[in-house]
Number of protein chains: 2
Amino acid sequence: MLIFRSTAQGKVIIVAKTPARKPAISDHLAYLLAQANREINRHLESRLRKEGVPVEQWRVLMILADGKGHSMGDLANAVLLNHPTLTKMVDRMVSDALVYRVQDPSDRRRVLMHLSDRGKALAKRLSSLAERQEADIIQSYGNKSTSELKRLLESLIDSAS
Amino acid sequence: MLIFRSTAQGKVIIVAKTPARKPAISDHLAYLLAQANREINRHLESRLRKEGVPVEQWRVLMILADGKGHSMGDLANAVLLNHPTLTKMVDRMVSDALVYRVQDPSDRRRVLMHLSDRGKALAKRLSSLAERQEADIIQSYGNKSTSELKRLLESLIDSAS
DNA sequence: TGCCAACAGTTGAAAATTCAACATTTTCCC
DNA sequence: GGGAAAATGTTGAATTTTCAACTGTTGGCA
């Protein structure tokens with residue numbers, strides 16, 4: 001769409017030019033990200049289904065795999081879940097004997113999460129499933145595109161947070 | 001990690017070199033996408049909060065805004081929701097008098113969704129909120145990065161689906 | 001035509017997520 | 001030190017999402 005204005009001399013000039021078609025939802029970064037995220041998640045999920053583990057639990061296990069003992073707050077942040085959701089998911093994982101809670105001795109409000117042996121073994125198996133998926137993406141999408149995309153996503157993440 | 005072997009002459013040589021640190025979760029495209037998606041969604045959500053509309057309903061409204069009458073199946077796909085979830089969300093939106101169902105005369109299994117006047121008005125208001133958010137992203141993240149990222153996401157989406 | 005598989009959408013029960021409120025512990029600061 | 005405010009995590013109720021099973025309709029084809 002063009003936007004006009006007439007000058008003092010009576011001439012008509014274009015002062016603005018909006019995109020020809022009205023913005024479709026697929027022009028929005030928010031939508032493209034959601035779409036891409038869903039697609040990739042779907043693939044990852046189908047890989048992890050072999051072990052019957054949801055993507056969110058994969059994230060928990062990966063984060064805890066450094067053996068460091070993360071607080072619930074850290075974890076919630078790292079696995080992209082809010083606190084009550086994480087609490088309940090951790091409850092389930094405790095029932096499944098994958099993780100356990102330890103009270104932080106230096107701050108008794110805090111709880112430090114750890115992997116059990118069973119959790120470690122599962123984490124290792126999942127890790128190789130996820131690596132394989134990553135390799136598949138690189139295969140079909142290209143090494144260059146993949147690393148460029150990762151670079152852009154990282155910088156978007158810190159510009160947005 | 002380095003992997004060694006000793007030669008017949010008793011010398012030790014490096015035969016392989018694996019990446020220095022074991023793969024962290026933040027190396028995974030799946031994780032970066034989830035993170036970026038959450039961050040951008042958070043921003044969009046806080047914009048839409050003004051109208052009290054969740055992001056998924058924004059998507060529904062945007063898709064229907066073309067006035068064409070979409071089937072539930074199309075919609076579910078477009079708004080990235082599975083069928084039963086969409087059915088129930090549409091039920092809510094019908095209660096709020098934002099949308100209505102019409103049976104497709106040419107295929108009586110199908111339902112065509114339309115925006116009510118109220119829905120159209122809301123869609124228009126939301127649209128400008130979302131445009132503003134998009135503009136903010138471009139502002140802080142850069143025009144070039146944004147369009148490059150969109151391009152990569154689009155191509156990822158079709159390579160993955 | 002008449003049958004049957006596939007398709008479109010919905011439903012009800014079960015599971016997961018969210019919101020607000022809560023308990024406990026620590027930090028701040030007077 | 002003492003008391004208010006902030007931080008950490010959990011809880012219970014309400015909402016939302018998911019899964020499997022279901023109804024109704026269409027399309028293929030014998």
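Chain identifiers are assigned alphabetically (A, B, ...) following the order of the sequence lines, protein sequences preceding nucleic acid strands; residue numbering begins at 1 within each chain. Reckoned from all heavy atoms, side chains included, excluding hydrogens, waters and symmetry mates.
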In degrees, rounded to 10°, what is the bend between the two ends of the helix from C/dT1-D/dA30 to C/dC30-D/dG1, using five pairs at each?
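Inter-axis angle at the ends, rounded: 20°.
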Can you name the side-chain hydrogen bond (donor to acceptor under 3.5 Å, both in side chains) partners of B/Arg110, sequence neighbours left out?
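For B/Arg110 the side-chain hydrogen bond (donor to acceptor under 3.5 Å, both in side chains) partners, ignoring immediate neighbours, are B/Asp104.
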A/Leu75 CG to D/dT8 P, straight-line distance once rounded to whole Å
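Roughly 14 Å, once rounded to whole Å.
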For B/Asp107 and D/dG24, what is the distance between atoms CG and C1' respectively, to the nearest whole Å?
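After rounding, the reported distance stands at 11 Å.
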Sequence neighbours excluded, every pair satisfying ring-ring contact (aromatic ring centres under 6.0 Å, His included) that has a member inside residues 93-120 of chain B
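Residue pairs passing ring-ring contact (aromatic ring centres under 6.0 Å, His included), neighbours aside: B/Tyr100-B/His114.
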One character per nucleotide, please: for nucleotides 14-23 of chain D, 5' to 3', B when the base has a protein heavy atom closer than 4.0 Å, S when only the sugar-phosphate does, - otherwise.
--SBBBB---
By a strict heavy-atom criterion of less than 4.0 Å, which residues belonging to residues 30-43 of chain B are in contact with DNA chain D?
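Within this stretch, nothing sits under 4.0 Å of the strand.
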What residues in residues 57-66 of chain B put a non-hydrogen atom under 4.0 Å from any atom of DNA chain D?
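Those residues whose heavy atoms fall under 4.0 Å from DNA chain D, taken from residues 57-66 of chain B, amount to none.
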Where chain A begins and ends its contact with DNA chain C, read 5' to 3' at 4.0 Å from heavy atoms
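It runs C/dA16 to C/dT26.
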Closer than 4.0 angstrom, basic N to acidic O: yes or no for B/Glu154 and B/Arg151?
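B/Arg151 and B/Glu154: not salt-bridged.
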I'd like to know if A/Glu39 and A/Arg42 make a salt bridge, using a cut-off of under 4.0 Å between side-chain N and carboxylate O.
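A salt bridge links A/Glu39 with A/Arg42.
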State which residues pass salt bridge (charged side-chain N to carboxylate O under 4.0 Å, His left out) with B/Arg92; sequence neighbours excluded, sorted by chain then number.
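Counting only residues at least two positions away or on another chain, B/Arg92 forms no salt bridge (charged side-chain N to carboxylate O under 4.0 Å, His left out).
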Exactly one of B/Leu129, B/Leu122, B/Asp96 should register a side-chain contact (heavy atoms from CB on, under 4.5 Å) with B/Val53. Which one does?
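It is B/Leu122, the one option of B/Leu129, B/Leu122, B/Asp96 that forms the side-chain contact (heavy atoms from CB on, under 4.5 Å) with B/Val53.
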side-chain contact (heavy atoms from CB on, under 4.5 Å) between B/Leu98 and B/Leu115, intermediate numbers included
CA-CA 6 Å; B/Leu98 297 173; B/Leu115 286 189; 5.9 Å; no
Check whether any side-chain N or O of A/Arg101 sits under 4.0 Å from OP1 or OP2 of D/dT10, and answer yes or no.
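Checking D/dT10 against A/Arg101, a side-chain N or O does come within under 4.0 Å of OP1 or OP2.
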If only side-chain N and O atoms of B/Arg108 are considered, is one of them under 4.0 Å from the OP1 or OP2 phosphate oxygen of D/dT26?
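Yes, such a contact exists.
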According to the side chain to side chain donor-acceptor pair (under 3.5 Å) rule, which pairs have a member within residues 119-130 of chain A, sequence neighbours left out?
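Sorted pair list: A/Glu51-A/Arg125.
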Under the ring pair (Phe, Tyr, Trp, His ring centres under 6.0 Å) test, residues paired with B/His70 that sit two or more places apart:
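So B/His70 forms no ring pair (Phe, Tyr, Trp, His ring centres under 6.0 Å) with any residue.
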Ring pair (Phe, Tyr, Trp, His ring centres under 6.0 Å) against A/His43, all qualifying residues, sequence neighbours excluded:
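A/His43: no ring pair (Phe, Tyr, Trp, His ring centres under 6.0 Å) contacts found.
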Check DNA chain C against residues 67-74 of chain B and give the residues with a non-hydrogen atom under 4.0 Å, in numerical order.
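Those residues are B/Ser71, B/Met72, B/Gly73.
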Please tell me which of B/Arg110 and A/Asp104 maps to the more 5' nucleotide of DNA chain C, matching each residue to the nucleotide holding its nearest heavy atom.
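Result: B/Arg110.
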